[in-house]
Amino acid sequence: MRIAIIGAGIVGATAAYQLSKNSEVELVVYDDGLGQATKAAAGIICPWLSQRRNKDWYRLTARGASYYPELMAQLEADGVTQLPYEQVGALVFKKTPELLEKLEKIAADRRKEEPRIGELTKIEVEDISSYVPGWNGTHGAIHCSGGGRVDGKLLVEQQLYLAQQNGASIKQEKVNLTRDEEGKVVVKTTSGLEEFDKIIVASGAWVKELIEPLGYYVDVRPQKGQLIELELQTTEATDDWPVCMLHGEIDILPFEDGKIIVGATHENDQGFDLTDNQELQQKMYEEACEVFPPLKEAKWLGSRIGTRAYTSDFLPFFGNIPGEETLFVASGLGSSGLTSGVWIGALLAQLSAGDTPLFNVDSYTPGNYIQKII
Ligand SMILES: Cc1cc2nc3c(=O)[nH]c(=O)nc-3n(C[C@H](O)[C@H](O)[C@H](O)COP(=O)(O)OP(=O)(O)OC[C@H]3O[C@@H](n4cnc5c(N)ncnc54)[C@H](O)[C@@H]3O)c2cc1C
């Protein structure tokens, strides 16, 4: 069976890695390598303490988070030594002690169903610095030991490398979709039309460009996200510091060797723009310095900018497009797409190969967001 994947962000790369293990599949991955959200993402994997009430969103992101250790075991078995995901724990802050208490109750309830949350511990404000030396915030937090962080760019690279080792062909080019004379959907490449048995469109915020010319309306809009990368002037190992999820818009993520990520913005009026807005970046930096003063001495390494995809009800969609037997799609992953994206990619691999997944996918059908117009 010939399968094409268009887009190699977290969804496309994970689907590629899984499908490449199937010896009956001949796989081609197309990606134009432009500004993908995955490369820009911060990397927080901790959906359990979100106050978002949508059950479908929670079920999907919680499964995504719990899939990370399984995926890491697969990578390790395939020889990867530098794993991109670390379960370092997360500190989740709230504006008031009442809100923190409410969150603690929600999390304790969720833990009954989801043991991957790990231990939940209330941390008083004066004790936060024992987790993140130099912290000077004014709020306590809940520590969630199951929280983690991932380097999205590295995870994509590793999965594509392994897919290639397994025989997949990876092509760096922008492609389009069109119909042949019989009405079958085919991939329009720089060297001509390519026919496949199945096509997976994992093109993130660019899904409209690919699907709409086939006669559909797609309910997805772009959102710009900027974050900044800093390097702490410290000799302390920062590898196992927890991810800090503040109560405002920004989060602070420590990585190895003193690298700290601060972000991100959520800009709904900038389309696909990928340029720096220094004013917004400075604002995030100052906010972060207030709670974590060592950042004032940190070296500014640069910024990362990406485009998230949103649907009008903020739920992702994935699966087969009704009425288009060969066409599979995923988009609308929003600001938690690194968390849900690995599981969505794995499910798309199963669905496109004709397998029935052990996960109810009904709530995420593309038919809710893609309507035929001609
Ligand atoms: C600043 C920022 C911070 C974030 N932080 C987090 C976080 O901490 N935790 C979390 O869970 N999520 C986070 N996210 C969200 C997450 O990054 C995204 O939801 C997720 O990466 C989307 O993955 P994707 O595979 O759907 O799309 P993408 O990663 O955007 O990949 C789509 C790919 O398709 C390619 N493509 C598109 N059209 C074509 C075409 N015609 N031909 C060939 N290739 C094409 C694009 O170039 C791109 O490479 C963040 C996002 C941003 C922007």
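Heads up: numbering here begins at 1 and tracks the sequence. One-based numbering, in listed order, for ligands and for the atoms of each.
Considering only non-hydrogen atoms, atom 37 (C) of ligand 1 lies nearest to Ser203 out of Ser203, Ala41, Ala8. Nearest to atom 33 (C) of ligand 1 by heavy-atom distance, out of Asp31, Thr14, Thr265, Asp32, is Asp31. One option in Gly334, Ala37, Pro222 has a heavy atom closer to atom 15 (C) of ligand 1 than any other, and that option is Gly334.
Near Ala264, meaning under 4.0 Å from any of its heavy atoms, are these atoms of ligand 1: 1 (C). Short contacts between ligand 1 and Gly306, defined as distances under 4.0 Å to a heavy atom of the residue, involve ligand atoms 53 (C). Atoms of ligand 1 lying under 4.0 Å from at least one heavy atom of Ile6, given by number and element, are 40 (C), 42 (N), 43 (C). Each of the atoms 19 (O) of ligand 1 lies under 4.0 Å from some heavy atom of Leu333. Taking every non-hydrogen atom of Gly9 and a distance limit under 4.0 Å, the qualifying atoms of ligand 1 come out as 25 (O), 29 (O), 31 (O). For ligand 1, the atoms lying closer than 4.0 Å to a non-hydrogen atom of Ala202 are 32 (C), 34 (O). Numbered from 1 in the order shown, with element, the atoms of ligand 1 that lie under 4.0 Å from a heavy atom of Glu173 read 42 (N), 43 (C). Atoms of ligand 1 found under 4.0 Å from any heavy atom of Gly43 (numbered from 1 in listed order, with element): 7 (C), 8 (O).
Using a 4.0 Å cut-off between charged nitrogen and carboxylate oxygen, Glu324 and Arg179 count as a salt-bridge pair. Ion pairing between a basic and an acidic side chain is recognised when a charged N comes within 4.0 Å of a carboxylate O; Arg63 and Glu70 show such pairing. Taking the charged nitrogens against the carboxylate oxygens, Lys153 and Glu157 do have a contact shorter than 4.0 Å, which makes a salt bridge. Between Glu114 and Arg110 no salt bridge is recorded (no basic side-chain N to carboxylate O distance below 4.0 Å). Using a 4.0 Å cut-off between charged side-chain N and carboxylate O, Arg149 and Glu86 make no salt bridge. Salt bridge Arg2/Glu195: absent, no basic N to carboxylate O contact under 4.0 Å.
Contact annotation for Leu210 and ligand 1: only side-chain heavy atoms (C-beta onward) come within less than 4.0 Å of the ligand. By the criterion of a heavy-atom distance under 4.0 Å, the backbone of Ser335, and not its side chain, is placed next to ligand 1. By the criterion of a heavy-atom distance under 4.0 Å, neither the backbone nor the side chain of Asp251 is placed next to ligand 1.
For the pair Gly12 and ligand 1, the shortest N or O to N or O distance does not fall below 3.5 Å. Not one N or O of Ala205 is nearer than 3.5 Å to an N or O of ligand 1, by distance alone. Of the N or O atoms in Gln36, one or more lie within a sub-3.5 Å distance of an N or O in ligand 1. At least one N or O atom of Leu338 sits closer than 3.5 Å to an N or O atom of ligand 1. Here's the thing with Gly225: none of its N/O atoms is less than 3.5 angstrom from an N/O atom of ligand 1. No N or O atom of Ala40 sits closer than 3.5 Å to an N or O atom of ligand 1. Here's the thing with Thr38: one of its N/O atoms is less than 3.5 angstrom from an N/O atom of ligand 1. For the pair Glu209 and ligand 1, the shortest N or O to N or O distance does not fall below 3.5 Å. Here's the thing with Ile10: one of its N/O atoms is less than 3.5 angstrom from an N/O atom of ligand 1. Looking at ligand 1, you won't find any N or O of Leu227 less than 3.5 Å from one of its N or O atoms.
A donor atom on one side chain and an acceptor atom on the other are found under 3.5 Å apart for Ser336 and Trp57. Inspection of the Thr339 and Tyr68 side chains reveals no N or O donor paired with an N or O acceptor under 3.5 Å. For the residue pair Gln158 / Gln82, no side-chain donor-acceptor distance below 3.5 Å is found, with atom types taken as modelled.
Counting non-hydrogen atoms of other residues, nucleotides and ligands closer than 6.0 Å to CD of Gln165 gives a total above 12. Counting non-hydrogen atoms of other residues, nucleotides and ligands closer than 6.0 Å to NZ of Lys299 gives a total of 12 or fewer.
Using a 4.0 angstrom heavy-atom cutoff, Gly263 does not count as in contact with ligand 1.
Note: Trp135 and Phe93 meet the aromatic proximity criterion, with ring centroids under 6.0 Å apart.
Follow the hydrophobic side-chain contacts under 4.5 Å out from Val361 and you reach Leu348 in the same cluster.
Taken from CG in Leu83 to CD in Glu76, the straight-line distance is 5.0 Å, to the nearest 0.5 Å.
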Which donor-acceptor pairs under 3.5 Å do the side chains of residues 240-266 make with protein atoms, sequence neighbours left out?
unit_1, atom_1, unit_2, atom_2, d
Trp241, NE1, Ala237, O, 3.3
Glu249, OE2, His266, ND1, 3.3
Asp251, OD1, Leu246, N, 3.4
Thr265, OG1, Gln226, N, 2.8
Thr265, OG1, Glu267, OE2, 2.6
His266, ND1, Ala264, O, 3.4

